[in-house]
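In this text the structure is predicted, and so the values were computed from the model without any measurement. A, B, ... follow the sequence lines: proteins, then strands. Residue 1 opens every chain.
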Amino acid sequence: MLWSKTLIPTLKEIPQDAEIPSHQLMLRAGLIRRLGSGLYTYLPLGFRALRKVEAIVREEMDRAGAQEGLMPAMHPREIWDRSGRYETLKNVMFRVKDRQAREMVLGPTHEEIITDLVSREISSYKQLPCNFYQIQTKFRDEIRPRFGLMRCKEFIMKDAYSFDISSEAADGSYQKMYDAYVNIFRRCGLHAMPVEADTGDMGGSSSHEFMVPCEAGEDAILEADDGSYAANMERAEGFCDLPSLFADAEKALEEIATPNVGKIEDVAAFLKVEPRQLVKTLIYMADGKPVAVLLPGDREVNEIKLRNVLGAEDVVPADPETVRKVTGAEVGFAGPVGLEIPLLVDRTLEGLKGGVIGANKTDTHRLHFDLARDLAPEALVDIAFPKAGDLAPNRKGRLSEKRGVEVGHVFKLGTKYSLALGANVLDENGKSIPAVMGCYGIGVSRTLQAVIEQSHDENGIIWPVNVAPYTVLITVLSPKHEESMTRATALAAELENTGIDVMVDDREERPGFKFKDADLLGFPLRLTIGERGLAKGIVELKPRTEKSFEEIPADEAFDAVRDAVTRLREAQK
RNA sequence: CGGGGAGUAGCUCAGCCUGGUAGAGCGCCAGCUUUGGGAGCUGGAUGUCGCAGGUUCAACUCCUGUCUCCCCGACCA
């Protein structure tokens, strides 16, 4: 392809509304343009790269035995009513009406649609296991789209759905997808790490997210230094092995005036103790009933864990009025001793002696709290977010925190959707049972941007060979020089014939200008053909990752490029 | 939805406080020179100053409303 015949609007300056490197580079390299918040057009080069990611996804999904199809992006409302998700996803779905005022939604995901199909078309255990996937545009009314393709209202997703006869068989389907994901991200040149994740509103028993570590990531991850554990912060468990014995541990409870200091940091500063020594007592409403939650002053409640521990549908912090009624004090002075409501004690408080608690009396705290002596809780529970420095669940590794972008997510769904939509099959005994499902998503467009976020330098993108819009760029320094162009186009044709895609920069520009653009665009290999070099019978070959080029005889250019491409591809197989 | 910031040429931005016929750099067009890491000179085109009202002899500038975009948070497969 000739550069001069392709729309590649590169920008020298950094566009105003892009903050992270990958977003800036996608705009500067002319891969995408914004239409509105969270809405992007793929320009020719961006689209080529996107299709390369899609091709890898297809190959690996097919290899894992999944079948590709394509479902409608627009659905009648009724099917979402059948699973109850019209209500639960109300804020996520775009809703439209047709001219007969029939209610439709733009699909944010497709569990209902595929499950409905399977319920109609699959009826015997002999047809299982099966796994269907599609690559399609999804619509979600994101509250805050951001970072270019990272979080959009409209984005391209690969979604797959597996159906099995039993949960053991479903575990096998899950593992196949997990393995396929490892292959997909490796081939895309991405370092993606699988982490344990929460299933959220999706339902189901367990899940893993594939995270690309980078600063711009929207998720926090905890990872054990011995490699034994990695989990999304929402889900992560850890053990705190800090001592919870503090000074004056054996003294009796004692009230102390703390006028106008209700916040943890203020109380700690006022009493000259560490926040960790304080016991935070929070009042929550669980399905409308108040409960008290106790944890160290330097930890935060994980409301997901809290909800799970309580088995409650809805858990929210109590309003100040309720706090006053329950504790008899203003917000900031709640304490566990004397409360008449259920108490949940986080396990990081185990063995606490000498702590500081609220006195359930405004402007008053109590010193020398001893958990076992003063409260004697029946059980300790895990309701806090772990912190970097905690022990991993194996009690050997230490946890550290990093941020990541979620590029893929695999779920074990169980029978939630098959029950709701009647996806039953007859088993060997002729008994009708619901299929056990799994679902597996990859944010294809997000993956593309994650590649750039992870692979760039100060000059531009550094495409991994398998997803580069073109593998080779032939920079013709003097397009008017006949021999230069003849050689370039002949070589390009030859390379294309062996399955290597080539862009020829035939623009009438100064060399420096073209080199800058080449680095910005990030093609893995650049072959430079110049009039002077040709006079000496040489051309230059330079990988994007190298500082300098290699002179090679012009007549051997084909072999040299082909070999270099082969090496790059081998390294990323 | 709360908080903050911004909408002026294709891009990056100045001008606004203190009202008086709209600017720079880059890009674009033409010509000449140049030609190995985003060239130089000369000439040229380009704006309903986001939109709608209001104040004023006069509004990019002041006032009111409104729309859009970005950031933080809340929210959220």
Side-chain angles (χ1 to χ4, degrees), chain A residues 7 9-20 23-24 27-30 33-40 80 83 85 88-93 107-112 138-148 150-153 155 157 159 161 197-204 207-209 216 218-219 232 234-235 303-304 316-317 406-411 413 416-417 439-443 446 458-460 475-481 484 505 507-521 526 528-534 538-540 542 547-549 551:
Chain A
L7 178 62
T10 59
L11 304 170
K12 189 153 69 177
E13 291 175 284
I14 298 172
Q16 179 194 18
D17 49 11
E19 293 244 322
I20 65 173
H23 186 196
Q24 293 172 349
L27 291 167
R28 287 191 56 212
R33 284 294 182 264
R34 188 173 61 77
L35 174 66
S37 182
L39 304 169
Y40 285 86
W80 288 90
S83 67
R85 289 212 293 180
T88 54
L89 294 185
K90 201 157 60 179
N91 294 327
V92 175
M93 286 196 283
T109 179
H110 282 71
E111 283 77 18
E112 281 77 357
K138 294 282 188 276
F139 299 89
R140 295 184 192 177
D141 190 1
E142 292 289 343
I143 290 176
R144 184 141 98 85
R146 57 178 124 185
F147 301 148
M150 286 295 188
R151 182 169 292 276
C152 281
K153 297 197 173 193
F155 60 98
M157 180 169 172
D159 47 324
Y161 307 90
D198 185 67
T199 52
D201 286 357
M202 198 66 162
S207 80
H208 286 85
E209 290 169 339
E218 293 188 277
D219 292 280
N232 190 306
E234 290 179 346
R235 148 96 185 192
E303 294 182 7
I304 297 169
V316 290
E406 178 190 352
V407 288
H409 202 158
V410 292
F411 293 87
L413 285 180
K416 174 176 171 178
Y417 299 97
C439 77
Y440 317 95
I442 288 181
R446 178 185 283 184
E458 67 279 8
N459 294 314
T475 300
V476 182
L477 292 182
S478 317
K480 282 180 181 157
H481 179 241
S484 292
D505 187 352
R507 295 173 301 168
E508 287 290 345
E509 295 287 353
R510 301 161 62 85
F513 186 93
K514 295 166 93 159
F515 293 149
K516 285 287 187 190
D517 260 358
D519 284 349
L520 177 60
L521 271 290
R526 187 182 85 208
T528 306
I529 298 182
E531 198 171 343
R532 282 205 311 249
L534 281 185
I538 57 148
V539 294
E540 299 157 10
K542 178 183 169 304
K547 280 240 179 300
S548 54
F549 57 79
E551 292 193 343

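Comparing A/His23 and A/Glu303 along RNA chain B, the residue whose closest nucleotide (by nearest heavy atom) sits nearer the 5' end is A/His23. Along RNA chain B, the nucleotide nearest A/His409 and the nucleotide nearest A/Asp519 are compared for position; the residue whose nucleotide lies closer to the 5' end is A/Asp519.
Across all strands, A/Glu142 comes closer than 4.0 Å to no nucleic acid atom at all (heavy-atom distances). A/Asn91 comes within contact range of no nucleotide atom at all, as no heavy-atom separation falls under 4.0 Å. A/Pro15 comes within 4.0 angstrom of sugar-phosphate atoms only, judged by non-hydrogen atoms across all strands, and of no base. Among the atoms of the strands shown, only primed sugar atoms or phosphate atoms (P, OP1, OP2) are found under 4.0 Å from some heavy atom of A/Arg146. Contacts of A/Met93 with the nucleic acid, taken as non-hydrogen atoms under 4.0 Å apart, are absent. Contact annotation for A/Gln16: backbone-only contact, meaning every heavy-atom pair under 4.0 Å involves sugar-phosphate atoms and none involves a base. In this structure, A/Arg34 reaches the sugar-phosphate backbone alone: every heavy-atom distance under 4.0 Å involves primed, P, OP1 or OP2 atoms, never a base. Among the heavy atoms of the strands lying under 4.0 Å from A/Arg28 is at least one base atom, whether or not backbone atoms are also near. The residue A/Glu531 sits apart from the nucleic acid: no heavy atom pair falls under 4.0 Å.
Nucleotides B/U42 and B/A52, compared at atom P, are 39 Å apart to the nearest Å. B/A22 and B/G15 have their C1' atoms separated by 9 Å, given to the nearest Å. Going from the C1' atom of B/G47 to that of B/U8 covers 8 Å, rounded to whole Å. Comparing the P positions of B/A9 and B/U56 gives a spacing of 30 Å, expressed to the nearest Å. Distance check on atom C1': B/G36 versus B/G31 gives 26 Å, rounded to whole Å. Between the C1' atoms of B/G25 and B/U61, the separation comes to 23 Å (whole Å). Look at the C1' atom in both B/C13 and B/C29: the space between them is 23 Å, to the nearest Å. Across the C1' atoms, B/U46 and B/A74 are found 44 Å apart, a figure rounded to whole Å.
Side-chain atoms of A/Arg510 lie closest to B/U35 of the nucleotides B/C70, B/G73, B/U35. Nearest to the side chain of A/Arg526, among B/G36, B/G37, B/C76, sits B/G37. Of the candidates B/C70, B/C76, B/G36, B/G36 carries the atom nearest the A/Thr528 side chain, counting heavy atoms from C-beta on. Distances from the side chain of A/Ile143 to the nucleotides B/C75, B/C70, B/G36 place B/C75 closest. Set against B/G38, B/C71, B/U34, the side chain of A/Asp517 has B/G38 as its closest nucleotide. Closest to the side chain of A/Lys12, from the set B/C70, B/G36, B/G38, is B/G38. For A/Phe515, taking side-chain heavy atoms from C-beta onward, the closest of the listed nucleotides B/C76, B/C75, B/G36 is B/G36.
Pairing for B/C49 is absent, judged as Watson-Crick or G-U wobble with the two contacts each under 3.5 Å. When Watson-Crick and G-U wobble pairs are counted only if both distances are under 3.5 Å, B/C1 pairs with B/G73. The partner of B/G36, taking Watson-Crick or G-U wobble pairs whose two distances both stay under 3.5 Å, does not exist in any strand shown. With a 3.5 Å ceiling on both atom-pair distances, B/G19 lacks any Watson-Crick or G-U wobble partner. Base-pair partner of B/A30: B/U42 (Watson-Crick or G-U wobble, both distances under 3.5 Å). B/A6 is paired with B/U68 under the criterion used here, namely a Watson-Crick or G-U wobble arrangement in which both key atom distances are under 3.5 Å.
Nearest heavy-atom pair across A/His409 and A/Ser207 is NE2-OG, 3.0 Å. A/Arg33 approaches A/Pro9 most closely through the heavy-atom pair NH2-O, 2.7 Å. Taking all atoms of both residues into account, the shortest heavy-atom contact from A/Glu406 to A/Arg446 is O-NH1, 2.7 Å. Shortest non-hydrogen contact noted between A/Tyr161 and A/Tyr440 is N-CD1, 4.3 Å.
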Exercise for the section: With side chain to side chain donor-acceptor pair (under 3.5 Å) as the test, would you mind laying out the steps for A/His481 and A/Ser478 before giving the verdict? Expected result: CA-CA 5 Å; A/His481 179 241; A/Ser478 317; 5.9 Å; no
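The distance between atom CD of A/Glu508 and atom C1' of B/A30, rounded to the nearest whole Å, is 16 Å. The distance from atom CZ of A/Arg507 to atom P of B/A39 is 12 Å, rounded to the nearest whole Å. Taking atom NE2 of residue A/His481 and atom P of nucleotide B/G36, one finds them 16 Å apart after rounding to whole Å. Following rounding to the nearest Å, A/Leu477 (CG) and B/G38 (C1') show an atom-to-atom distance of 15 Å. The CG-P distance, from A/Asn232 to B/C76, rounds to 15 Å in whole Å. For the pair A/Lys542 NZ and B/G36 P, the interatomic distance rounds to 17 Å; values are reported in whole Å. Counting to the nearest Å, the C1' atom of B/A6 and the CD1 atom of A/Ile14 are 18 Å from each other. In this structure, NZ of A/Lys90 is placed 13 Å from P of B/C76, rounded to the nearest angstrom.
A salt bridge links A/Glu111 with A/Arg85: the distance from a Lys NZ or Arg NE/NH1/NH2 to an Asp or Glu carboxylate oxygen falls below 4.0 Å. A/Asp505 and A/Arg526 are not joined by a salt bridge, as no carboxylate oxygen comes within less than 4.0 angstrom of a charged side-chain nitrogen. A salt bridge links A/Arg151 with A/Glu142; the closest basic N to acidic carboxylate O contact falls under 4.0 Å.
The OH atom of A/Tyr40 sits 14.5 Å away from the CZ atom of A/Phe155 when rounded to the nearest 0.5 Å.
No hydrogens or angles were tested; on distance alone, nothing pairs the side chain of A/Glu13 with the base of B/G27 as donor and acceptor under 3.5 Å.
A/Arg144 has no side-chain polar atom (N or O) that falls below the 4.0 Å cut-off from OP1 or OP2 of B/C75. Close to B/C70, at under 4.0 Å from its OP1 or OP2, lies a side-chain N or O of A/Ser37.
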